[in-house]
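Proteins come first, then strands; the chains are lettered A, B, ... in the order of their sequence lines, and each starts at number 1.
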Protein chains: 2
Amino acid sequence: MGERVRHRRSDVVEHALSVLDRYGLADLSMRRLATDLGVQPSALYHHFASKQLLLAAVADELLARGRRDERATEGEWDELVAVVCGELRDAMLAYRDGAELVAAVSAFGLGARRPADELEQILGAAGLAPAGARLAARTLLHFVFGHVADEQTQLQASASGAIDGLPQDSDFAVGLSIVIAGIRDLILRQGNELPKNLSWVMGR
Amino acid sequence: MGERVRHRRSDVVEHALSVLDRYGLADLSMRRLATDLGVQPSALYHHFASKQLLLAAVADELLARGRRDERATEGEWDELVAVVCGELRDAMLAYRDGAELVAAVSAFGLGARRPADELEQILGAAGLAPAGARLAARTLLHFVFGHVADEQTQLQASASGAIDGLPQDSDFAVGLSIVIAGIRDLILRQGNELPKNLSWVMGR
DNA sequence: ACCTGAACACCGTTCAAGT
DNA sequence: ACCTGAACACCGTTCAAGT
């Protein structure tokens, strides 16, 4: 002891990612992080105004690490969508509780803006009006977050001795193809006639 | 004082629902619940082995209250699916943080078994093989949970003075119609040929 | 069957003060 | 710029004991 233990924002994020991967989101507390870094809990508030903002930074870094930096910019819209969603899945699967973290962060409106914007742009270029592109992009993200969160839950269950929890690429691919096929249908319908009576779909 | 304050399981669940609706999921703690009921925190563990199981019971009750008890059993599969999903949405929208609660509970494999089973059964009857019906049902639930969670987040933001957060039935209907159209496509494709090369959808 | 009392091992956040 | 020290107001859970 005697040496001061100064850190930068990026040191904190880096260590948070390793705690996340090793012990899970539930064990990722400000106090634990501080203790690990040899610092008082209050010191972390020099770098982040709240735990939520720290988690947002961790989620951003997790997604940034999962990004392949060169990526096809041309091709059919459905292929481009599949690439973005597959990359997002891989990024979240790379860290324990990655999907839970990203979903939590984007629930309070902070993370995953990048993939959301990319999907919206691709779908706009594919011919959807802005509102439709936005809705379709959100629907894709809901699928990806939900599906990968399920995969990681089962993964952890199987790590604790249960059976049959390996992530199935084909399940993800088929689920994604459902949403993509639905969007294709929306593109074809749009401009022509939107269903005049949506109430049947509401069930009342 | 002097009167003993005995409660039954259902009293605890009932009060938990009212705390949820009034103060939100973050304020729904075992200690707060106990204090409200005039009881020691440890007393709750007579009724529930853990907070997670208490939350599961609360989610079950929330969904049970949202159920219309007589419901069409015949009709087109897409209409039946829309009814189940719309009812699920209404049930969650009826309580503050309802979607967050149900999603959290079903993430650790406890709640919303009812809607999941119903959807699976409807989709099986529509001609999907068991694995496909299961996957399609989960995809529908991911959409509903994600979409309604978004709606409730925006609802709370707008309650705190922000603009433009009213739940839009039409957004839900359009999003749901995307997933339903995708499932329709899957039903048509199945038996014939499944896409031989799914790797394009994985993006690598 | 339902509850008390007390303890254990934690949380996030604030704030004046230090270097 | 980055951190300490101390406090405030909380958590979930366990367990022996009581009626």
Side-chain angles (χ1 to χ4, degrees), chain A residues 1-20 22-59 97 100-101 104-105 107-111 156 160, chain B residues 1-20 22-59 97 100-101 104-105 107-111 156 160:
Chain A
M1 342 245 148
E3 282 305 308
R4 268 302 206 36
V5 221
R6 300 175 143 243
H7 304 91
R8 283 165 294 117
R9 242 184 94 99
S10 57
D11 299 330
V12 179
V13 170
E14 174 114 16
H15 186 71
L17 269 174
S18 94
V19 171
L20 177 72
R22 273 201 277 255
Y23 306 99
L25 187 58
D27 282 10
L28 185 50
S29 71
M30 298 298 269
R31 294 181 103 102
R32 198 230 157 105
L33 225 45
T35 303
D36 284 5
L37 294 170
V39 115
Q40 294 289 324
S42 50
L44 298 178
Y45 290 85
H46 180 78
H47 300 287
F48 304 94
S50 70
K51 187 187 183 181
Q52 289 204 330
L53 289 171
L54 185 160
L55 291 181
V58 174
D97 290 344
E100 205 183 330
L101 171 69
V105 159
F108 56 79
L110 280 177
Q156 228 162 312
S160 334
Chain B
M1 341 250 149
E3 282 305 311
R4 269 302 206 39
V5 221
R6 300 179 142 240
H7 303 92
R8 286 164 294 118
R9 242 184 92 99
S10 57
D11 298 329
V12 179
V13 171
E14 174 113 17
H15 186 71
L17 268 173
S18 95
V19 170
L20 177 71
R22 272 201 278 254
Y23 306 99
L25 186 58
D27 283 9
L28 185 50
S29 70
M30 298 298 268
R31 294 182 104 103
R32 196 226 161 110
L33 225 44
T35 302
D36 285 5
L37 294 170
V39 112
Q40 295 289 324
S42 50
L44 298 178
Y45 290 84
H46 182 77
H47 300 288
F48 304 93
S50 69
K51 187 186 183 182
Q52 289 205 329
L53 289 171
L54 162 56
L55 291 181
V58 175
D97 291 342
E100 205 183 330
L101 172 68
V105 160
F108 56 79
L110 279 176
Q156 229 162 312
S160 335

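Applying a 4.0 Å cut-off to non-hydrogen atoms, none of the residues of residues 10-19 of chain B approaches DNA chain C. Taken residue by residue, residues 49-58 of chain A places no heavy atom nearer than 4.0 Å to DNA chain D.
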**Intra- and inter-strand pairs of DNA chain D in dot-bracket (Watson-Crick or G-U wobble, both distances under 3.5 Å; | for another strand)** = ||.|||||...|||||.||

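The side chain of B:Ser42 places no N or O atom within less than 4.0 Å of a non-bridging phosphate oxygen (OP1 or OP2) of C:dT4. Put simply, A:His46 has no side-chain N or O that comes within less than 4.0 Å of OP1 or OP2 on D:dT4.
Contact annotation: the side chain of B:Met30 never approaches that of B:Pro41 to less than 4.5 Å [non-hydrogen atoms, C-beta and beyond]. Between B:Gln156 and B:Asp97 the shortest side-chain heavy-atom distance falls below 4.5 Å. Here the side chains of B:Leu54 and B:Leu28 are not in contact, with every heavy-atom distance at 4.5 Å or above.
For B:Tyr45, the listed nucleotide lying nearest its side chain is D:dT13; candidates were D:dT13, C:dG12, D:dC3. Listed nucleotides: D:dC11, C:dT13, C:dT4. Nearest to the side chain of A:Pro41: C:dT13. Relative to the side chain of B:Gln40, the nucleotides C:dT4, D:dA7, D:dG5 differ in distance, and C:dT4 lies closest. Closest approach to the A:His7 side chain among C:dC3, D:dC3, D:dC11 is made by D:dC3 (side chain taken as heavy atoms from C-beta onward). Distances from the side chain of B:Val39 to the nucleotides D:dT4, C:dC3, D:dC11 place C:dC3 closest. You'll find that the side chain of A:His47 is closest to D:dC2, out of D:dT19, D:dT13, D:dC2.
Exactly one of B:Val12, B:Leu25, B:Leu17 qualifies for a side chain to side chain contact (heavy atoms under 4.5 Å, CB included) with B:Val58. That residue is B:Leu17.
The separation between A:Leu37 atom CG and D:dC3 atom P is 9 Å, rounded to whole Å.
For the P atoms, the distance from C:dA9 to D:dC10 is 23 Å, rounded to whole Å. Between C:dC2 and D:dA17, the two P atoms lie 22 Å apart (nearest whole Å).
Looking at which nucleotide of DNA chain D each of A:Arg31 and A:Leu44 is closest to, the 5′-most match is held by A:Leu44.
Not a single donor-acceptor pair under 3.5 Å links the side chain of B:Asp36 to the backbone N or O of B:Leu33.
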